[in-house]
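To keep things clear, I will list the structure first and then write my remarks on it.
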Amino acid sequence: MQKANRWIGRLAGVAAGLVVSVFLGVPAKADNSAAEATYKAKCALCHGPDGKGETATGKTMKVKDFTSEEVQKTSDADLTDAISKGKGKMPAYKTLTPEQVKGLLGYIRSFAKKS
Ligand code: HEC
């Protein structure tokens, strides 16, 4: 019995270690995947999962293609403003933290056509 308990204790220790290391490992590469998750949850409805805005809502609202030169040429400041303050029919996302907006901006930039 004693032996079994010790084993359980050791296993629990290993498991806790794994949980901690997985948890600590997340922020290292979270930047883009967190932004991607936010984008898919909040933005893809209108802007499309690929940023092209070819969704029903996106077409109705005539959103611009994020992969286009026009959007990619727009300054970081203007795109950031559009996200946090809204623009035309684009809703303002005031609850997003500056880091989240920055992440989303980076995600939008990643839609640029690879040339
Ligand atoms: C309800 C539909 C809708 C949702 C949801 C939405 N957008 Fe938009 N978005 C628009 C529309 C419409 C425009 C164009 C506004 C204009 O130019 O009048 C726009 C414009 C933008 C622009 C500026 C680019 C441009 O067209 O000049 C950015 C950047 C942007 N959206 C990012 C986002 C991000 C990031 C999210 C999620 C946090 C998001 N949008 C969610 C509808 C939406």
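This is a predicted model, so every value here is computed, not measured. Ligands are counted one by one from 1 in listed order, and the atoms in each one are counted from 1 as well.
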Number the atoms of ligand 1 from 1 as they appear, then name those within less than 4.0 Å of a heavy atom of [X], with their elements.
X	value
M61	1 (C), 2 (C), 12 (C)
G88	18 (O)
K64	25 (C), 26 (O), 27 (O)
F66	28 (C), 30 (C), 31 (N), 32 (C)

Measuring from K62:NZ to K59:NZ, what's the distance to the nearest 0.5 Å? 12.0 Å
Taken to the nearest 0.5 Å, the spacing of Y93 OH from C43 SG works out to 5.5 Å
Within less than 2.8 Å of atom 8 (Fe) of ligand 1, the count of protein N, O or S atoms comes to 2
Between T55 and G48 the two heavy atoms that sit nearest each other are CG2-CA, 3.5 Å
Taking all atoms of both residues into account, what is the closest heavy-atom pair of H47 and M90, and its distance? NE2-SD, 3.9 Å
Tell me: protein heavy atom nearest atom 24 (C) of ligand 1, and distance? L79 CD2, 3.9 Å
Using 30° and 60° as the class boundaries, would you call the ring planes of F66 and F111 parallel, tilted or perpendicular? parallel
Excluding V63, membership of its hydrophobic cluster (Ile, Leu, Val, Met, Phe, Trp, Tyr; side-chain heavy atoms within less than 4.5 Å) reads M61
Show your working on side chain to side chain contact (heavy atoms under 4.5 Å, CB included) between L79 and V71 and close with a plain yes or no. CA-CA 8 Å; L79 294 181; V71 170; 4.2 Å; yes
Under the rule for side chain to side chain donor-acceptor pair (under 3.5 Å), what residues qualify as partners of T67, not counting sequence neighbours? D65
Which residues share a salt bridge (Lys or Arg N to Asp or Glu O under 4.0 Å) with D76, sequence neighbours left out: R109
Does I108 approach ligand 1 within less than 4.0 angstrom via side chain, backbone, both or neither, non-hydrogen atoms only? side chain
Contact between [X] and ligand 1, counting heavy atoms under 4.0 Å?
X	result
L45	no
Y39	no
T74	no

Determine whether L96 and K42 satisfy the following criterion, side chain to side chain contact (heavy atoms under 4.5 Å, CB included), listing intermediate values before the conclusion. CA-CA 11 Å; L96 292 175; K42 296 184 190 289; 3.9 Å; yes
